[in-house]
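Structure record follows, encoded as structure tokens.
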Amino acid sequence: MRIDLRLAVWLSLVAGAVNAAGFRALGYFSANMTGNVSAASDFLSLGRFATALWLLGLLIAFVLGAFASGLLIDMGERRDLRGIYAFSILLEAALLICLGGLDLIWTAAISGHLMMIGLSFVMGLQNAATTRISDGRVRTTHVSGIATDIGLGFAALMPGAGRSDDTQITRARLLLHLATLGSFFAGGLAGVWGYERIGPMIFILIAGLLIAAAAPELRKVYRHGAPR
């Protein structure tokens with residue numbers, strides 16, 4: 001659970017920052033697939049087909065990011081590679097650096113759509129990686145699910161709600177979900193604040209946070225060698 005908590009805090013902070021900074025820059029959410037699908041259905045019903053297809057494109061990018069993450073992790077596990085999860089997080093960092101760099105070089109008219117597709121891909125990649133690392137206990141971009149788990153956790157702690165031997169586990173999981181939600185919120189504040197001051201450079205700084213999150217596992221890889 002300690003690993004899950006550290007993972008939740010670091011990566012939820014990153015997810016919140018990317019999602020909020022992307023919205024501040026381009027007017028769309030890169031991680032909020034529930035909202036994007038709802039908006040797409042709304043625009044489709046109003047006959048605004050181009051906007052609806054654009055929002056569905058963000059969904060497809062998110063799914064492709066999760067797909068790529070799953071393939072990478074499965075390939076690493078089949079080859080018994082140590083630290084494959086850390087390399088998945090490093091891939092996310094590299095993509096953020098590329099996207100931030102492209103946004104600095106290209107004009108907004110050229111880079112805007114590419115940035116949003118790329119950020120949605122990155123968020124899908126991250127959410128899939130953290131889901132696999134934590135066996136489904138941590139989903140860093142899925143705030144609706146986190147809020148549901150928090151409500152269920154408080155209900156389970158009510159007197160007479162469950163067995164006494166489950167209380168410690170329930171409290172640990174509740175702490176995990178509260179930390180995830182709080183970090184996502186804090187990341188959102190930091191992402192907007194940072195974008196207002198340094199623009200696309202914020203994505204490169206966020207990539208630095210990801211590298212720091214992956215560093216402990218990478219040290220183990222190079223200390224003990226890649227094979228398990």
Can a donor-acceptor pair be found, under 3.5 Å and without considering hydrogens, that links the side chain of S30 to the backbone of S120? no
L13 side chain reached by F184 side chain, heavy atoms, under 4.5 Å: no
Is the shortest side-chain heavy-atom distance between D74 and E77 below 4.5 Å? yes
Can you tell me how far apart CG (L55) and CE (M33) are? Round to the nearest 0.5 Å. 9.0 Å
How long is the span from the CZ atom in F29 to the CG atom in N36, to the nearest 0.5 Å? 8.5 Å
Non-hydrogen atoms of I117 and A61 that approach each other most closely: O-CB, 3.6 Å
Where do P200 and Y195 come nearest, in terms of heavy atoms and distance? N-CE1, 3.8 Å
I'd like to check the side-chain hydrogen bond (donor to acceptor under 3.5 Å, both in side chains) partners of R24; sequence neighbours left out, ordered by chain and number. E196
CD1/I73 to CZ/R78 distance, rounded to the nearest 0.5 angstrom? 12.0 Å
What closest approach, in Å, do I89 and A214 show between heavy atoms, and which atom pair accounts for it? CG2-CB, 4.1 Å
Carefully, step by step, assess R171 and L157 under the rule side chain to side chain contact (heavy atoms under 4.5 Å, CB included). CA-CA 8 Å; R171 285 176 176 168; L157 291 177; 3.8 Å; yes
Quick one, W54 with F43, criterion ring pair (Phe, Tyr, Trp, His ring centres under 6.0 Å). Give me CA distance, side-chain angles, the key distance, then yes/no. CA-CA 10 Å; W54 161 243; F43 285 123; over 10 Å; no
I need the minimum non-hydrogen distance between A31 and M123, along with the two atoms involved. CB-CG, 3.8 Å
To the nearest 0.5 Å, tell me how far L91 CG sits from L95 CG. 4.5 Å
Scanning both residues in full, the closest heavy-atom pair of Q126 with L210 reads NE2-CD2, 4.3 Å
L205/I198 under side chain to side chain contact (heavy atoms under 4.5 Å, CB included): CA gap, chis, key distance, verdict: CA-CA 10 Å; L205 290 181; I198 60 174; 3.4 Å; yes
Under a single-linkage definition using a 4.5 Å side-chain heavy-atom cutoff for Ile, Leu, Val, Met, Phe, Trp and Tyr, are L53 and V63 assigned to the same hydrophobic cluster? no
Please determine whether residues F185 and L175 belong to a single hydrophobic cluster, defined as Ile, Leu, Val, Met, Phe, Trp and Tyr linked transitively by side-chain heavy-atom distances below 4.5 Å. no
Expected output: side-chain S69 to main-chain L125 donor-acceptor under 3.5 Å: yes
Shared ILVMFWY cluster between I206 and I204, side chains joined below 4.5 angstrom? yes
F121, Y28: one ILVMFWY side-chain cluster at the under-4.5 Å cut-off? yes
At what distance, to the nearest 0.5 angstrom, does CG of L64 lie from CG of L59? 9.5 Å
Enter the distance from I150:CD1 to L181:CG here, rounded to the nearest 0.5 Å. 4.5 Å
Nearest atoms (heavy-atom pairs only) where L96 meets A207: CB-CB, 4.1 Å
Please tell me whether V192 and F23 are part of a single hydrophobic cluster in this structure, the criterion being side-chain heavy atoms less than 4.5 Å apart. no
Can you tell which of L58, L114, L99 makes a side chain to side chain contact (heavy atoms under 4.5 Å, CB included) with L119? L99
Check whether any side-chain N or O of T130 sits under 3.5 Å from a backbone N or O of N127 as a donor-acceptor pair, and report yes or no. yes
